[in-house]
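All values below come from the heavy atoms of this structure, side chains included, with hydrogens, waters and symmetry mates left out.
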Amino acid sequence: MSETVSNKADFWFDPMCPFAWVTSRWIGEVEDVRDITTEWHVMSLSVLNEGRDELPENYKELMQKAWAPVRVITAAAEQHGTGYIKPLYDAMGTKIHNEGNKDIDEVIAKSLAETGLPAGLAAAGQSEEFDARLRASHEAGISLVGQDVGTPVVAFNGTAFFGPVLTRIPRGEEAGRLWDATVTLASFPYFFEIKRSRTESPVFD
């Protein structure tokens with residue numbers, strides 16, 4: 001393991017986003033090879049896309065479904081502690097992305113059972129009861145990067161970006177090197193973005 005100083009990541013995610021899922025698995029790899037701490041926060045593609053009438057109909061339908069997972073995670077954090085945010089995300093993301101489960105109600109029910117949380121929390125997915133807290137968490141992340149982004153939003157030692165957007169999960173020391181490079185870029189106050197067109201969809205293995 002390379003010698004490094006302790007670093008902090010703040011990670012905002014929507015469980016429905018495949019790109020956030022890949023980046024979150026990268027962070028997990030980094031935690032094995034670098035001295036970092038990560039705090040996990042929800043953001044919402046549904047909130048982000050509110051009022052955007054130009055969205056395709058199939059994406060609008062997806063945004064309606066996307067409310068439930070973030071609402072349930074928010075309710076779990078409120079009622080049972082923020083320590084449940086990451087385990088619920090791991091459970092939901094595995095089912096949605098790795099297993100390809102499109103039945104969001106089933107994803108939520110199984111994820112609550114897997115993490116030892118009450119089945120009744122699933123009702124929060126269809127309720128606006130926790131939306132104020134959800135929106136506050138979303139705004140805390142999006143305010144750092146602006147509205148013209150998606151998920152994930154990641155802050156590296158306090159400097160936030162949309163991304164990195166990855167289509168494959170770096171493993172081991174490769175993950176560590178990408179972390180080192182990202183932290184280096186984030187440390188330069190006048191760096192804002194690097195971008196190129198994607199040529200493939202995310203791969204989760």
Side-chain angles (χ1 to χ4, degrees), residues 9-24 27 38-155 160-163 165:
D10 283 276
F11 196 110
W12 282 266
F13 65 89
D14 185 313
M16 300 292 285
C17 179
F19 298 101
W21 183 245
V22 171
T23 305
S24 73
I27 289 289
T38 310
E39 289 192 18
W40 299 87
H41 316 271
V42 292
M43 64 181 295
S44 171
L45 288 170
S46 301
V47 172
L48 189 66
N49 286 288
E50 280 182 320
R52 296 184 179 179
D53 296 330
E54 74 280 4
L55 296 174
E57 284 303 316
N58 62 336
Y59 196 74
K60 288 181 181 179
E61 292 175 8
L62 179 64
M63 291 302 94
Q64 282 301 115
K65 292 182 179 180
W67 279 106
V70 286
R71 282 172 166 170
V72 170
I73 294 174
T74 303
E78 175 75 17
Q79 296 185 347
H80 299 276
T82 57
Y84 280 100
I85 294 175
K86 179 60 162 41
L88 261 182
Y89 179 36
D90 290 344
M92 289 182 183
T94 297
K95 290 163 182 53
I96 293 168
H97 303 297
N98 294 83
E99 299 173 9
N101 192 336
K102 306 299 183 185
D103 186 335
I104 299 305
D105 290 340
E106 182 179 86
V107 165
I108 289 170
K110 288 185 173 181
S111 297
L112 289 171
E114 187 176 305
T115 52
L117 286 163
L121 274 174
Q126 306 306 318
S127 168
E128 297 181 2
E129 180 180 356
F130 299 95
D131 281 8
R133 179 174 176 136
L134 167 59
R135 290 175 183 277
S137 180
H138 174 90
E139 181 60 25
I142 209 73
S143 66
L144 301 175
V145 293
Q147 296 290 329
D148 298 323
V149 300
T151 62
V153 170
V154 187
F161 298 98
F162 163 46
V165 175

inquiry  = Ignoring hydrogens, what is the shortest heavy-atom contact between K95 and S111? Give both atom names and the distance.
reply    = CD-OG, 3.6 Å

query = Where do L117 and A76 come nearest, in terms of heavy atoms and distance?
reply = CD1-CB, 4.0 Å

inquiry  = Using the ring-ring contact (aromatic ring centres under 6.0 Å, His included) definition, which of the options W12, F13, Y84 pairs with Y89?
reply    = F13

message = Assess the residue pair K86 and T38 against the criterion (side chain to side chain contact (heavy atoms under 4.5 Å, CB included)); give the C-alpha distance rounded to whole Å, side-chain angles, the decisive distance to 0.1 Å, and a yes or no.
response = CA-CA 10 Å; K86 179 60 162 41; T38 310; over 6 Å; no

ask   = Between the main-chain N or O of L134 and the side-chain N or O of S137, is there a donor-acceptor pair closer than 3.5 Å?
value = no

task = Take W67 and V47 through the side chain to side chain contact (heavy atoms under 4.5 Å, CB included) test and state the conclusion after the steps.
result = CA-CA 8 Å; W67 279 106; V47 172; 3.6 Å; yes

query = Any Lys/Arg nitrogen of E99 or K110 sitting under 4.0 Å from an Asp/Glu carboxylate oxygen of the other?
reply = no

ask   = Hey, are the side chains of P15 and V70 touching, using non-hydrogen atoms and a 4.5 Å cut-off?
value = yes

query = CD of E139 to CG of L144: how many Å apart, nearest 0.5 Å?
reply = 9.0 Å

inquiry  = Counting only heavy atoms not in E128 (residues, nucleotides, ligands), do more than 12 fall under 6.0 Å from its CD?
reply    = no

request  = For residues V154 and G163, report the shortest heavy-atom separation together with the two atoms involved.
outcome  = CG2-O, 3.3 Å

request  = Indicate yes or no for a side-chain donor-acceptor contact from H41 to the backbone of I85 under 3.5 Å, with no hydrogens or angles considered.
outcome  = no

remark   = What one should report as the nearest heavy-atom pair of F11 and A20 is CZ-O, 3.6 Å

Point-to-point distance, once rounded to the nearest 0.5 Å, from CD1 of I73 to OG1 of T82 = 12.5 Å

request  = Supply the atom-to-atom distance R71 CZ to E129 CD, rounded to the nearest 0.5 angstrom.
outcome  = 11.0 Å

task = Apply the test side chain to side chain contact (heavy atoms under 4.5 Å, CB included) to residues V165 and V22: give CA-CA distance (whole Å), side-chain angles for both, the deciding distance (0.1 Å), then the verdict.
result = CA-CA 8 Å; V165 175; V22 171; over 6 Å; no

key: Gap separating the CG atom of L48 from the CE atom of M43, nearest 0.5 angstrom   = 5.5 Å

key: Reported CG-to-OG1 distance for the pair D90 and T115, which is rounded to 0.5 angstrom   = 10.0 Å

query = Which distance, rounded to the nearest 0.5 Å, do you find between the CG of L121 and the OG1 of T74?
reply = 11.0 Å

inquiry  = What I'd like to find out is whether the side chain of P69 reaches to under 4.5 Å of the side chain of V107, using heavy atoms alone.
reply    = no

inquiry  = Can you give me the closest heavy-atom contact between A91 and E114, atom names plus distance?
reply    = CB-OE2, 3.5 Å

query = Are side-chain heavy atoms of H138 and V42 found at a separation under 4.5 Å?
reply = no

key: Sub-4.5 Å side-chain heavy-atom contact between I104 and M16   = yes

request  = Please assess N98 against W21 for the test side-chain hydrogen bond (donor to acceptor under 3.5 Å, both in side chains), listing each intermediate value before the final yes or no.
outcome  = CA-CA 10 Å; N98 294 83; W21 183 245; 2.9 Å; yes

ask   = Judged by atom type as modelled, is there a donor-acceptor pair below 3.5 Å linking the side chain of S46 to the main-chain atoms of Q64?
value = no

